[in-house]
Asks: 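Pasting in a structure now, in structure tokens, and then I'll have a few things to ask.
Here the structure is a predicted model, which means the values were calculated and not measured.
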Amino acid sequence: MFFLDLLELEKRYNDVLISTARGFELDHEFLEIWVPGVFKEESVKNFFEAAKIYNVEKKFGLTINKKSISEKDLDKIKSLPKDYTVQVKEAILEIKLT
């Protein structure tokens, strides 16, 4: 499983908005259709929806540094539906689909 950092993806998305490039220069085609949400849990869901469209949802996961998000966002991510697995490893959340 290959994990991508959600906050880094959101930063790259915002950087890309001012250019014509897409795909975040990571060579992962499904990211061309991913759009972050207003809330972190929406960004997570949108990421996996894009991955599902390209049939790569089992190959990718997300990481988030707990110190980089609010407790409210953390609680919402931890309460994602049962088809998401959220594990806390030290200060890092790992999110994947089961």
Side-chain angles (χ1 to χ4, degrees):
M1 165 119 358
F2 187 79
F3 285 91
L4 299 173
D5 184 296
L6 177 66
L7 301 181
E8 178 62 26
L9 287 175
E10 288 178 336
K11 180 188 175 308
R12 286 183 184 218
Y13 179 87
N14 288 327
D15 291 345
V16 166
L17 288 178
I18 59 173
S19 74
T20 58
R22 284 297 308 241
F24 308 89
E25 300 174 359
L26 292 174
D27 296 326
H28 305 305
E29 191 174 349
F30 75 97
L31 290 175
E32 293 179 13
I33 63 170
W34 174 70
V35 177
V38 175
F39 303 104
K40 297 296 181 224
E41 76 275 9
E42 291 175 344
S43 292
V44 170
K45 289 177 183 178
N46 292 349
F47 173 88
F48 286 106
E49 283 300 316
K52 282 181 186 178
I53 290 170
Y54 280 80
N55 295 315
V56 295
E57 69 273 17
K58 299 293 185 181
K59 294 180 182 179
F60 289 91
L62 289 171
T63 59
I64 305 173
N65 187 318
K66 285 178 27 178
K67 295 177 183 178
S68 301
I69 62 172
S70 70
E71 279 295 317
K72 184 178 178 180
D73 284 332
L74 179 61
D75 291 341
K76 286 183 178 183
I77 289 169
K78 285 182 176 179
S79 64
L80 285 168
K82 292 180 182 180
D83 53 335
Y84 292 89
T85 300
V86 180
Q87 293 182 324
V88 180
K89 294 185 177 181
E90 298 188 26
I92 303 295
L93 290 175
E94 288 186 353
I95 307 159
K96 60 185 179 181
L97 286 179
T98 52

Asks: What distance separates Ile53 CD1 from Glu29 CD, expressed to the nearest 0.5 Å?
Replies: 12.0 Å
Asks: If the condition is salt bridge (Lys or Arg N to Asp or Glu O under 4.0 Å), which residues does Lys45 pass it with, not counting sequence neighbours?
Replies: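 Here no residue qualifies.
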Asks: Does any pair with a residue in residues 54-65 pass salt bridge (Lys or Arg N to Asp or Glu O under 4.0 Å), and if so which ones, sequence neighbours excluded?
Replies: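 Qualifying pairs, neighbours excluded: none.
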Asks: Would you compute the distance between atom CD of Glu41 and atom CG of Leu80 and round it to the nearest 0.5 angstrom?
Replies: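 Between Glu41 CD and Leu80 CG, I get 7.0 Å after rounding to 0.5 Å.
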Asks: Got a sec, which residues hit side-chain contact (heavy atoms from CB on, under 4.5 Å) with Glu49, two or more places apart in sequence or on another chain?
Replies: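 Partners of Glu49 under the side-chain contact (heavy atoms from CB on, under 4.5 Å) test: Lys52.
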Asks: How close do Pro36 and Glu10 get, counting heavy atoms only, and between which atoms?
Replies: CB-CG, 4.0 Å
Asks: Which atom pair, heavy atoms only, marks the closest approach of Ser43 to Leu6?
Replies: CB-CD1, 3.7 Å
Asks: Output a table of donor-acceptor pairs, distance under 3.5 Å, between side-chain atoms of residues 61-70 and any protein atom two or more places apart or on a different chain; print 'none' if there are none.
Replies:
residue, atom, partner, partner atom, Å
Asn65, OD1, Lys67, N, 2.8
Ser70, OG, Asp73, N, 3.1
Ser70, OG, Asp73, OD2, 3.4

Asks: Could you tell me whether the side chain of Leu31 reaches within less than 4.5 Å of the side chain of Arg12, counting heavy atoms only?
Replies: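 Result no, sub-4.5 Å side-chain heavy-atom pair not found.
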Asks: In the hydrophobic clustering that connects Ile, Leu, Val, Met, Phe, Trp and Tyr at side-chain heavy-atom distances below 4.5 Å, which members other than Phe39 occupy its cluster, ordered by chain and number?
Replies: Val38
Asks: Between atom CG of Asp15 and atom NZ of Lys11, what is the distance when rounded to the nearest 0.5 Å?
Replies: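 Between Asp15 CG and Lys11 NZ, I get 4.0 Å after rounding to 0.5 Å.
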Asks: If you look at every heavy atom in Phe30 and Val56, which pair is closest and at what distance?
Replies: CD2-CG2, 3.7 Å
Asks: What is the ring orientation for Phe2 with Phe60, classed by angle as parallel under 30°, tilted 30 to 60°, or perpendicular over 60°?
Replies: perpendicular
Asks: Could you go through residues 84-98 and list every donor-acceptor pair under 3.5 Å that involves a side-chain atom there, pairing it with any protein atom two or more places apart or in another chain?
Replies:
residue, atom, partner, partner atom, Å
Lys89, NZ, Glu94, OE1, 3.2
Thr98, OG1, Asp83, O, 3.2

Asks: Determine, step by step, whether Tyr13 and Val35 satisfy the side-chain contact (heavy atoms from CB on, under 4.5 Å) criterion, reporting the C-alpha distance in whole Å, the side-chain angles of both residues, the deciding distance to 0.1 Å, and the verdict.
Replies: CA-CA 8 Å; Tyr13 179 87; Val35 177; 3.5 Å; yes
